[in-house]
Amino acid sequence: MFIAMNRFKVLKDVTADFEQRWLSRESHLHELDGFLEFHMLRGPERDDHVLYSSHTLWASKAHFEAWTRSEQFRASHTRASTGDNKPLTLGHPEFEGFEVFQTIRQAKTEAR
């Protein structure tokens with residue numbers, strides 16, 4: 001498995017705008033082979049921003065890389081901007097990619 005993450009430092013006074021942009025955007029992730037899950041995370045508040053992170057789980061790094069070269073990727077990122085030029089973040093998102101080498105899951109228990 002492969003986890004692709006982007007960290008966003010969102011300006012405090014526009015967090016609602018940032019969240020609405022993500023909630024209203026069209027995602028094409030489900031159209032790609034190897035896509036498993038997407039999560040948008042709200043993290044800690046700092047002096048000048050609130051930390052957010054997108055977290056996408058893929059079957060493999062190759063599946064993620066295919067996504068970044070796809071027409072769906074271009075369509076999703078073209079529509080990400082509203083064109084109002086209102087800054088929502090402190091700079092560009094910071095990408096982090098991780099290959100999963102260990103997974104521990106909670107054991108399923110039988111209902112009694």
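Connection of Phe64 to Met5 is not established within any shared hydrophobic cluster, with ILVMFWY side chains joined at heavy-atom distances below 4.5 Å, either directly or through further cluster members.
Note: Ser27 OG to Arg25 CZ = 7.5 Å, rounded to the nearest 0.5 Å. For the atom pair CG of Asn6 and NE2 of His92, the computed distance is 12.0 Å after rounding to the nearest 0.5 Å. Atoms OG1 and CG, on Thr15 and Leu88 in that order, are 10.0 Å from each other to the nearest 0.5 Å.
For the pair Arg21 (side chain) and Ala16 (backbone), a donor-acceptor distance under 3.5 Å is absent.
With sequence neighbours excluded, the residues that form a side-chain contact (heavy atoms from CB on, under 4.5 Å) with Ser70 are Leu32, Trp67, Gln72, Phe73. With sequence neighbours excluded, no residue forms a salt bridge (Lys or Arg N to Asp or Glu O under 4.0 Å) with Lys61. In this view, Asp17 and Lys86 satisfy the salt bridge (Lys or Arg N to Asp or Glu O under 4.0 Å) rule, not counting sequence neighbours. Residues passing the ring-ring contact (aromatic ring centres under 6.0 Å, His included) test with Phe8, sequence neighbours excluded: Phe18, Trp22.
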Exercise. Dump the intermediate steps for side chain to side chain contact (heavy atoms under 4.5 Å, CB included) on Phe35 and Thr56, then the final yes or no.
Key: CA-CA 8 Å; Phe35 167 72; Thr56 312; 3.7 Å; yes

Self-check item: Worked verdict on Leu36 versus Met1 for side chain to side chain contact (heavy atoms under 4.5 Å, CB included)
Solution: CA-CA 9 Å; Leu36 301 174; Met1 276 192 283; 4.0 Å; yes

List the atom pairs, donor and acceptor, that lie under 3.5 Å between side-chain atoms in residues 95-103 and the rest of the protein, sequence neighbours left out.
unit_1, atom_1, unit_2, atom_2, d
Glu96, OE1, Arg7, NE, 3.2

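With a 4.5 Å cut-off on side-chain heavy atoms, Met40 and His55 do not count as touching. Counting heavy atoms from C-beta outward, Phe38 and Ser54 have side chains that approach closer than 4.5 Å. Leu90 places a side-chain heavy atom less than 4.5 Å from the side chain of Leu11.
For residues 38-52, the set of pairs meeting the side chain to side chain donor-acceptor pair (under 3.5 Å) definition, not counting sequence neighbours, comprises Lys12-Glu45, Glu19-Arg42, Glu19-Tyr52, Glu37-His39.
Residues Gly91 and Thr89 approach most closely at O-OG1, 2.8 Å, considering heavy atoms.
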